[in-house]
Amino acid sequence: MNEAGPLDVGEEEGARLLTAAVDLVVRHAKEVAEGPVAPAEPGTAWLREWLASQDFEAARSPEDALPEVMAALRRWGVHTTHPRYFGLFNPTPTWWGVAGELLAAGVNPQLAAYSHAPAAVEMERHVLRFMAGRLGLPAGAEGSFTVGGAEANLTAVIVALTRRFPAYPRSGLAGLPRRPVLYASAESHLAWLKIAHMTGLGRDAVRLVPAGAAHRMDTERLREMREADLAAGLEPFLLVGTAGTTAGGALDPLPELAALAAEWGAHFHVDAAWAGAVALSDRLRPLLTGVELADSVTVDAHKWLSAPMGAGMFLTPHAAALAESFRATTSYMPAETEDAPDPYATSVQWSRRFAGLKVFLALAVAGRPAHAAQLERDVRLGERLARRLTEEGWLRINDTPLPVVCVTAPEAETAGPERSAAWHAAVAEHVVRSGQAWLSTVRLGGRPALRLCVTSHRTGVADLEAVVSALGDARKRMGT
Ligand SMILES: *Cc1c(COP(=O)(O)O)cnc(C)c1O
């Protein structure tokens, strides 16, 4: 028998700890809906004081430490698992997803090399191929799990540069005769700016195309901008269509963008981080028409598929370009397995957690049809929320079948955009401080508004009525 190491407290202690953690999580799920969605005062003095006492020098009993941590999380945070969190796509995770996280952490497979974790890698590939199939991508599509949509979009830029410019892998941007630029809608997710910064393209390389009707990319303007860029000696290499913009759920005209990208020889990426989930529903899938023509696609399982955070997906029919983009060989990594790419050589990451298990488990246990039914239910709730707000005199300013509703109070808009922004921000703050609901402010095409998104599978009709009523109270208090 080995002598136990200082961190080896044994399985019995482990079981006690995990049981206590499970109890806390289950209790949180039970109680969260009864409390405020967000803390009334955002001050964090108490939090800092508590942390100052944590110098990590003395061991503590988990019976003290665990509830303390949980109390801090519950007291000082916006509760994305609350049924009246009408927020930024952070879902209430499903139990299958939470269980998947626990299993992945406990077994802790190393997903860098295939030969180290064939079961884990193949389960992830199975989910990625399932998703690619639902999206209509050609057979042979590959991909990778990412931390989130931002990393998936970064992957898209690297793959696009690699596909488009043979000199790029070795010489980088310095090896290109002209400066590459990419196009995305002004309503797209602005991680594109960070990505351009990180990849050396530079932020100016992101050409934000104004949105037209329904906040979709204006393709006339896109053509004009490309002409001007070509005339200025720039090199358009990537066209991004957003399927479900973050602010207002706008769906860019994907078939038209696919045709333009093909005509121009540009890589066509579809950022469907949020709305890509609808591929699981036969009824909603047509919203994504054109995505099957994409050279790459981003879908976040940790948004509308209700996986816990850290489950982005990058998908591409160009498996060879993906492998070329991240190829690496080392003396210390295990040798490659035939027909099984090593994840570290097809991904931004190296050592990587088994992010796909939570998605695999949710699909394997609940099944695709239950996920589809949930998405369809959320869409119906979104329609109902839009109708109720309109009945109460709010003006809906976004136009999408997706369950995100952006509204303004017409009486507050007459004083100009700056006054309107302050007014709508004050209304949102009033509702959030009341603890009744969480919603955000947004600007759509520059126009200040309130934004409500149905994003929790625990949200129901009573929650919609509660937020409508809380907004009515705030509006009354504010006057104009
Ligand atoms: C959320 C979102 C992203 C970023 O994804 P993360 O998972 O937060 O990294 C990118 N694009 C769109 C359209 C999004 O909604």
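As a basis for the values below, the full set of heavy atoms in this structure was taken, side chains included, without hydrogen atoms, waters or symmetry mates. For reference, positions follow the sequence shown, starting with 1.
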- Task: Please name all residues satisfying ring-ring contact (aromatic ring centres under 6.0 Å, His included) with F86, sequence neighbours left out, ordered by chain then number.
- Result: none

- Could you name each residue pair satisfying salt bridge (Lys or Arg N to Asp or Glu O under 4.0 Å) that touches residues 43-52, not counting sequence neighbours? none

- Is a side-chain N or O of S306 found less than 3.5 angstrom from the main chain of P93, in a donor-acceptor match? no

- Task: Kindly confirm or rule out a cation-pi arrangement of R451 over F89, judged by NZ or CZ under 6.0 Å from the six-membered ring centre and within 45° of its axis?
- Result: yes

- Message: Is there a side-chain contact between E124 and L111 in this structure, where contact means two heavy atoms from C-beta onward sitting under 4.5 Å apart?
- Response: yes

- Task: Let me see the working for R16 and E12 under salt bridge (Lys or Arg N to Asp or Glu O under 4.0 Å), right down to the final yes or no.
- Result: CA-CA 6 Å; R16 220 160 57 85; E12 239 169 77; over 6 Å; no

- Message: With side chain to side chain contact (heavy atoms under 4.5 Å, CB included) as the criterion, how do L450 and T441 come out once you've worked through the C-alpha distance, each side chain's angles and the decisive distance to 0.1 Å?
- Response: CA-CA 4 Å; L450 299 169; T441 54; 4.2 Å; yes

- The side chain to side chain contact (heavy atoms under 4.5 Å, CB included) partners of R285 (sequence neighbours excluded) come to A279, L288, T289, V291, E292

- Item | Close side-chain approach of L154 and T146, heavy atoms under 4.5 Å | no

- Message: Does any part of the side chain of H82, heavy atoms only, come nearer than 4.5 Å to the side chain of S456, both counted from C-beta?
- Response: no

Side-chain donor-acceptor pairs under 3.5 Å in residues 355-367, sequence neighbours left out?
unit_1 : atom_1 : unit_2 : atom_2 : d
K358   : NZ     : E101   : OE1    : 3.4
K358   : NZ     : E101   : OE2    : 3.0
K358   : NZ     : M309   : O      : 2.9
K358   : NZ     : G310   : O      : 3.4

- Query: Any salt bridge between E142 and R125, counting N to O under 4.0 Å?
  - Reply: yes

- Message: My understanding is that only residues two or more places apart in sequence, or in another chain, count here; which of them pass ring-ring contact (aromatic ring centres under 6.0 Å, His included) with H28?
- Response: H79

- Message: Which residue is it: V454, V468, L464? I am looking for the one with a side chain to side chain contact (heavy atoms under 4.5 Å, CB included) to R384.
- Response: L464

- Task: Would you kindly check if the NZ (Lys) or CZ (Arg) of R475 is within the cone defined by 45 degrees around the ring axis of W394 and under 6.0 Å from the six-membered ring centre?
- Result: yes

- Flag side-chain contact, heavy atom, 4.5 Å: V278 against V379: no

- Task: Only pairs at least two apart or in different chains count here, so list each ring pair (Phe, Tyr, Trp, His ring centres under 6.0 Å) that has a residue in residues 361-388.
- Result: none

- Give the C-alpha distance, both sets of side-chain angles, the deciding distance and a yes or no for side chain to side chain contact (heavy atoms under 4.5 Å, CB included) between S440 and L88. CA-CA 8 Å; S440 55; L88 306 173; 3.9 Å; yes

- Item | Inter- and intrachain pairs under ring pair (Phe, Tyr, Trp, His ring centres under 6.0 Å), touching residues 433-462, at least two apart | Y85-W438

- Query: Are L402 and L251 side-chain neighbours, meaning at least one heavy-atom pair lies under 4.5 Å?
  - Reply: yes

- Item | Steps toward side chain to side chain contact (heavy atoms under 4.5 Å, CB included) verdict (L471, V431) | CA-CA 6 Å; L471 278 167; V431 172; 3.9 Å; yes

- Can you pull the salt bridge (Lys or Arg N to Asp or Glu O under 4.0 Å) pairs that have at least one residue in residues 315-328, sequence neighbours excluded? E324-R327

- Query: With a 4.0 Å cut-off, would you call E383 and R387 a salt bridge?
  - Reply: no

- Task: Taking the side chain as every heavy atom from C-beta outward, state whether R396 and T400 have any atom pair closer than 4.5 Å.
- Result: yes

- Message: Closer than 3.5 angstrom, by distance alone: can the side chain of H424 be matched with the main-chain N or O of A409 as a donor-acceptor pair?
- Response: yes

- Message: Suppose we screen for side chain to side chain contact (heavy atoms under 4.5 Å, CB included). Which residues come up paired with L17, at least two apart in sequence or across chains?
- Response: P62, L66

- Query: Taking atom CG of L239 and atom CE of M217, what is their separation to the nearest 0.5 Å?
  - Reply: 5.5 Å

- Message: Holding to side chain to side chain contact (heavy atoms under 4.5 Å, CB included), I want the full list of residues that pass it with A29, two or more places apart in sequence or in another chain.
- Response: W95, R458

- T245, N153, T242, T298 screened by side chain to side chain donor-acceptor pair (under 3.5 Å) with D271, the one that passes: N153

- Message: What verdict does the side chain to side chain contact (heavy atoms under 4.5 Å, CB included) test give for H126 and E122, after you've listed the backbone C-alpha separation in whole Å, the side-chain angles of each residue and the deciding distance to 0.1 Å?
- Response: CA-CA 6 Å; H126 191 68; E122 290 289 1; over 6 Å; no

- Query: Residues two or more places apart in sequence or in another chain: which of them pass side chain to side chain contact (heavy atoms under 4.5 Å, CB included) with D473?
  - Reply: S469, K476

- Validation row: T455, N90 side chains within 4.5 angstrom (heavy atoms): no

- Query: Taking only residues at least two apart or on different chains, which pairs with a member in residues 296-323 satisfy ring pair (Phe, Tyr, Trp, His ring centres under 6.0 Å)?
  - Reply: W274-W304

- Query: Are L24 and V69 side-chain neighbours, meaning at least one heavy-atom pair lies under 4.5 Å?
  - Reply: no

